[in-house]
Number of protein chains: 2
Amino acid sequence: MSSPRRITLKDLAAELGVSTASISNAFNRPDQLSPKLRERILSEARRLGYTGPDAKARSLRTGRSRIIAVVLAESLTYSLNDAVSSELLSGIAEVLDAHGHTLLLLSGRQHASQAPGSANMADGYIVYGLMPSLMLLSGLPAQSPLVAVDFNIDDRPTVHIDNEPASYAIARHALRTPSRRPAVINLRLTRQPCNGRITEEHELLSAEQTITRSRLIGFHRAFEEHGIDPAQVPMWNIEENTFEVSAPVIEEILDLPEDERPDLLLCMSDRIALTALTLAERRGLRVPQDLRLTGFDGIAEGQYRPPRLTTVRQDSVEKGRIAAKMILGLAPRERKLLTTELLIGESCP
Amino acid sequence: MSSPRRITLKDLAAELGVSTASISNAFNRPDQLSPKLRERILSEARRLGYTGPDAKARSLRTGRSRIIAVVLAESLTYSLNDAVSSELLSGIAEVLDAHGHTLLLLSGRQHASQAPGSANMADGYIVYGLMPSLMLLSGLPAQSPLVAVDFNIDDRPTVHIDNEPASYAIARHALRTPSRRPAVINLRLTRQPCNGRITEEHELLSAEQTITRSRLIGFHRAFEEHGIDPAQVPMWNIEENTFEVSAPVIEEILDLPEDERPDLLLCMSDRIALTALTLAERRGLRVPQDLRLTGFDGIAEGQYRPPRLTTVRQDSVEKGRIAAKMILGLAPRERKLLTTELLIGESCP
DNA sequence: CTGAAAGCGCTTACAG
DNA sequence: CTGAAAGCGCTTACAG
């Protein structure tokens, strides 16, 4: 209550009449001093309210902070509420936790404009999501380990899933039941923001820049195999993977006259597919009789209630675990590709 | 590529023939040097690959890290995937972001056993959830600001919602339609873990220790008003607010013979109510005709598809925002009470 | 507007 | 097993 300032390791050493090295060793290297001395130090420390070496000083001295930063392309708000990215984060957190590290969340968006922040305190960086600005990356200490998840960045280590084959597989499954008017709902596929129908005007991002493009390529391969010209398949784009942002686009699709309205919607995410499901049901459309739907991700919410989504299940938790292990040097720093699983629900039997 | 080590502020000063103070000022206090010199420093820094002052050194020197830690009672994995706590986190993140701070996630569980970690690096602590061990709290620097959310800790500032009146209100609404066999599904209410029916053997936590108890008190008040003896209302308890953990308990309830099976379930969370909804529908029970359900929280998932949950909506995002503002000194450090809203859905009209 | 110097609190070879 | 001493990279009064 009345302590004028926090007690330091040096104060404690003076108080006990031992060297600062012994205090430090008592907390960090028990084998470097006698158990008796260590016990005395620890109990005196408790008594005097010294809770251990200051992390700020230690990190400066040792050069390591035991903090790993996750740089999120989306806002923190979005990332924390989205099922897929929060699973990624929990996989990361699980591994960091188990190895005495903690997780610092950085938003890619805020980052660029930021005054010098705490970003360069981290021992390593996991960068998640599409197209982080180069500014952002150049702001990070060049020599720190960095792992990219779901996109490529130079020749850095990455963790990916098999987007193209997985999308091919789900589209092939869907097209086994003939579809007269298939359509695709993309996610962040266009260079310029577009929350609506994609036209020839729109420039699409490359497969290097976004996983969505790889997924579209898989869909197209399946279309061609079934004698459908991909260029004739209408496409829409969604700017953010939320109910709120995707709902108006989906309403636009469902508003089409019945002979133009798609009977099969291949969606780039479960969130989009679930939004389509909700809105279709509200209008009295039956899924799958009137409209078949596929998703991507395999989030729990899509599997709780019938009709369960036909989707591609990816293990985002494992993706996070692997990225964290790479950063900590517990897994080889390479380009890792995870496989996915086709999940067949009632939304597209 | 071949730089032997990272360039420091001192190196840069030597290179440019200016003092270290000017370099520091160029990055931190533009008004302390001429624009011309500042420009020269910044451009040389870029050229030599100096990305700005090292955060570890700065935080030691200034005593501030611009990091705020959130200490979560649950595991990080749970907290990141639960709708309510991730909303809280996003409210916190939003405010921190806007004020140049970053978010460090600490798990209360891991924390106690931890070797000296990076925990005491933070400038402040937001502690969320029930009954953190005292060990945990004593490990935090005593003089740092601390805000507790959803429980009380000594006379520290807190952010709460009006649990008792809100629960009273929803129970009163539910009991307007007569119920022959009401029941309550609690969450972490017992001192000893109990995932199943609560009997007289079980000791309940106090309202100081868990918000669940406050909610139960509200339910009981409504029961009494409707001439129902609270002691006659069967109660179950759930240990973790997830589908997996609550499902077996709910199956146990639904397995009861028809003349014992509750016709009204007052649940302590939407997650529990949604699990009950899913499992009831799987058995062909109709909600609300055969079984009425109420939740608590007002998460989005409960409102997407019919029957929407009758529930109490709490603004977890706002709770997070306020806690963050208190920590940053942008809001008075007091005991803040947020109000909630009764949401009437089809699960209990 | 600029520079010289102290010191934030610790850890770690190193010598004894 | 213990202690004296250097120094991690910065910021900030302070003097000029």
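In the text below, chain A, chain B and the rest are named by the order of the sequence lines, each starting its count at 1. Reckoned from all heavy atoms, side chains included, excluding hydrogens, waters and symmetry mates.
For B:Y50, a side-chain nitrogen or oxygen approaches OP1 or OP2 of D:dC10 to under 4.0 Å. Residue A:R64 places none of its side-chain N or O atoms closer than 4.0 Å to OP1 or OP2 of C:dT11. For the OP1/OP2 pair of C:dG3 and a distance below 4.0 Å, the side-chain nitrogens and oxygens of B:S22 include at least one atom meeting the criterion. The phosphate of D:dT2 (OP1 or OP2) has a side-chain N or O of A:S34 nearer than 4.0 angstrom.
Both A:N25 and B:A21 sit near DNA chain D, but only A:N25 has its closest nucleotide nearer the 5' end. Judged by closest nucleotide on DNA chain C, B:L37 is the one of B:L37 and A:R61 placed further toward the 5' end.
Atom NZ in B:K56 sits about 14 Å away from atom P in D:dC8, given to the nearest Å. In this structure, A:K36 places its NZ atom 11 Å from P of D:dT2, rounding to the nearest Å. Rounded to whole Å, atom C1' of C:dT12 lies 13 Å from atom CG of A:L9. Between A:R29 atom CZ and C:dC10 atom C1' the separation is 13 Å, expressed in whole Å. In this structure, the CD1 atom of B:I7 is 13 Å from the C1' atom of D:dG9, given to the nearest Å. Put simply, CD1 on A:I23 is 13 Å from P on D:dA4, counting in whole angstrom units. A straight line from CD of B:Q32 to C1' of C:dC1 spans 9 Å, rounded to a whole angstrom. Going from atom CG of B:N28 over to atom C1' of D:dG9 covers 13 Å, rounded to whole Å.
A:E39 and A:K36 are not joined by a salt bridge, as no carboxylate oxygen comes within less than 4.0 angstrom of a charged side-chain nitrogen. Salt-bridge check for B:E74 with B:R188: passed, with a basic side-chain N closer than 4.0 Å to an acidic carboxylate O. With salt bridges taken as basic N to acidic carboxylate O contacts below 4.0 Å, none links A:E87 and A:R321.
At the heavy-atom level, A:T20 lies under 4.0 Å from base atoms of the strands shown. Backbone-only engagement by A:D31 is indicated by non-hydrogen atom pairs under 4.0 Å involving sugar-phosphate atoms exclusively.
Summarising the base pairing, C:dA4 is matched to no nucleotide, lacking a Watson-Crick or G-U wobble pair whose two defining distances lie under 3.5 Å. The partner of D:dA13, taking Watson-Crick or G-U wobble pairs whose two distances both stay under 3.5 Å, does not exist in any strand shown.
Taking only side-chain atoms of A:L33, from C-beta outward, the nucleotide of D:dT2, D:dC10, C:dT2 with the closest atom is D:dT2. Picking from D:dG3, C:dC8, D:dT11 the nucleotide with the shortest atom distance to the side chain of B:R58 gives D:dT11. Nearest to the side-chain atoms of B:A57 among the listed nucleotides D:dC10, D:dT11, C:dT11 stands D:dC10.
Here the options are A:T77, A:L80, A:L76, the test is side chain to side chain contact (heavy atoms under 4.5 Å, CB included), and the partner is B:L89; only A:L80 passes. Checking B:L330, B:L96, B:V159 one by one against B:K325, the side chain to side chain contact (heavy atoms under 4.5 Å, CB included) holds for a single residue, B:L330.
Remark: side-chain polar atoms of A:S79 are paired, donor with acceptor, to backbone N or O of A:S75 under 3.5 angstrom.
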